[in-house]
K.L.:
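Attaching a single structure in structure tokens format; questions to follow.
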Amino acid sequence: QVQLVESGGGLVQAGGSLRLSCAASGRTFSSSPMGWFRQAPGKERGFVAAISRSGGSTSYADSVKGRFTISRDNAKNTVYLEMNSLQPEDTAVYYCAAAPTTGWRTPRSSDGYDYWGQGTQVTVSS
């Protein structure tokens, strides 16, 4: 089993940058694809980015492609989300998630993930 804890959220101005971290515990981390999702009040949880267990493959939502970068450091049991050129529409609670090793390489659906962090708030002001 995997336990996930996000950090790095905060308040930034439009055009700014922020780096989120997700610390994981458990033996399965290096064998688990990881993903980032976000949810704004009154809206459905949406896919942001995913990375394969080795870090060799990534997938991004069209809305963040070219602005966000997902990466992982298996030696530190940590996955990152670097966010650049932030806009007010990026405001949401951001969650990291871990997928089963037997599943898709870079799942884009929340149904593809078994473990979730508590979330970290990202607020982008105009």
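What you see is a predicted model, and the numbers here were worked out from it, not measured in a lab. Here, residue 1 is the first one in the sequence, and each next residue gets the next number.
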K.L.:
Looking at G9 and L20, what are the two nearest heavy atoms and their distance?
P.N.:
N-CD2, 3.6 Å

K.L.:
Check whether any side-chain N or O of T78 sits under 3.5 Å from a backbone N or O of K76 as a donor-acceptor pair, and report yes or no.
P.N.:
yes

K.L.:
Check R45 against Q39 and note the closest heavy-atom contact, atom names and distance.
P.N.:
N-NE2, 3.7 Å

K.L.:
Which heavy atom of G15 sits nearest a heavy atom of Q87, and at what distance?
P.N.:
N-NE2, 4.2 Å

K.L.:
Using the test salt bridge (Lys or Arg N to Asp or Glu O under 4.0 Å), find all partners of D111 that sit at least two apart in sequence or belong to another chain.
P.N.:
none

K.L.:
Could you report the tightest heavy-atom contact between R105 and P33, atom names first, then the distance?
P.N.:
O-CB, 3.2 Å

K.L.:
With a 6.0 Å cut-off (strictly less than), is the heavy-atom count around CD of E89, excluding the residue itself, greater than 12?
P.N.:
yes

K.L.:
Working to the nearest 0.5 Å, report the span between CD of E82 and CD1 of I70.
P.N.:
12.0 Å

K.L.:
Within the 3.5 Å criterion, strictly below it, is a donor on S17 or N84 matched to an acceptor on the partner's side chain?
P.N.:
yes

K.L.:
For the residue pair R108 and S59, confirm or rule out a side-chain donor-acceptor distance under 3.5 Å.
P.N.:
yes

K.L.:
Following the transitive rule for hydrophobic clusters with a side-chain heavy-atom cut-off under 4.5 Å over Ile, Leu, Val, Met, Phe, Trp and Tyr, establish whether V79 and L4 coincide in one cluster.
P.N.:
yes

K.L.:
Identify, with sequence neighbours excluded, every residue that meets side-chain hydrogen bond (donor to acceptor under 3.5 Å, both in side chains) alongside N77.
P.N.:
none

K.L.:
Could you check whether R53 and T101, counting side-chain N and O atoms only, form a donor-acceptor pair closer than 3.5 Å?
P.N.:
yes

K.L.:
Taking the side chain as everything from C-beta on, heavy atoms only, tell me whether L81 gets closer than 4.5 Å to V48.
P.N.:
yes

K.L.:
Looking at every non-hydrogen atom in both residues, tell me the closest pair between P88 and S126 and how far apart they are.
P.N.:
CG-OG, 3.5 Å

K.L.:
Step by step, would you call D90 with R38 a side chain to side chain contact (heavy atoms under 4.5 Å, CB included)?
P.N.:
CA-CA 9 Å; D90 295 316; R38 64 186 181 184; 2.9 Å; yes

K.L.:
Following the transitive rule for hydrophobic clusters with a side-chain heavy-atom cut-off under 4.5 Å over Ile, Leu, Val, Met, Phe, Trp and Tyr, establish whether M83 and V93 coincide in one cluster.
P.N.:
no

K.L.:
Between Y80 and R19, is there a cation-pi geometry (under 6.0 Å to ring centre, at most 45° from the normal)?
P.N.:
yes

K.L.:
Report the residue from V64, T91, T123, L18 that forms a side-chain contact (heavy atoms from CB on, under 4.5 Å) with L86.
P.N.:
L18

K.L.:
With a 6.0 Å cut-off on ring centres, are F37 and Y113 close enough?
P.N.:
yes

K.L.:
Step by step, would you call T106 with I51 a side chain to side chain contact (heavy atoms under 4.5 Å, CB included)?
P.N.:
CA-CA 6 Å; T106 54; I51 188 168; 5.7 Å; no

K.L.:
Check the hydrophobic clustering (I, L, V, M, F, W, Y; side-chain heavy atoms under 4.5 Å; chains of links allowed) and say if F68 and V12 are grouped together.
P.N.:
yes

K.L.:
Apply side chain to side chain contact (heavy atoms under 4.5 Å, CB included) to the pair C22 and W36, showing each step before the final yes or no.
P.N.:
CA-CA 9 Å; C22 177; W36 286 96; 3.8 Å; yes

K.L.:
Going hydrophobic residue to hydrophobic residue with side-chain gaps under 4.5 angstrom, can you get from V122 over to Y95?
P.N.:
no

K.L.:
Please check if the side chain of E6 supplies one atom and the backbone of C96 the other of a donor-acceptor pair under 3.5 Å.
P.N.:
yes

K.L.:
Tell me every residue that passes ring-ring contact (aromatic ring centres under 6.0 Å, His included) with Y94, counting only those two or more places apart in sequence or in another chain.
P.N.:
none

K.L.:
Should we count CD of Q3 as having more than 12 external heavy atoms under 6.0 Å?
P.N.:
no

K.L.:
Where do G112 and P100 come nearest, in terms of heavy atoms and distance?
P.N.:
O-CD, 3.3 Å

K.L.:
Determine, step by step, whether V5 and Q118 satisfy the side chain to side chain contact (heavy atoms under 4.5 Å, CB included) criterion, reporting the C-alpha distance in whole Å, the side-chain angles of both residues, the deciding distance to 0.1 Å, and the verdict.
P.N.:
CA-CA 6 Å; V5 180; Q118 84 288 349; 4.0 Å; yes

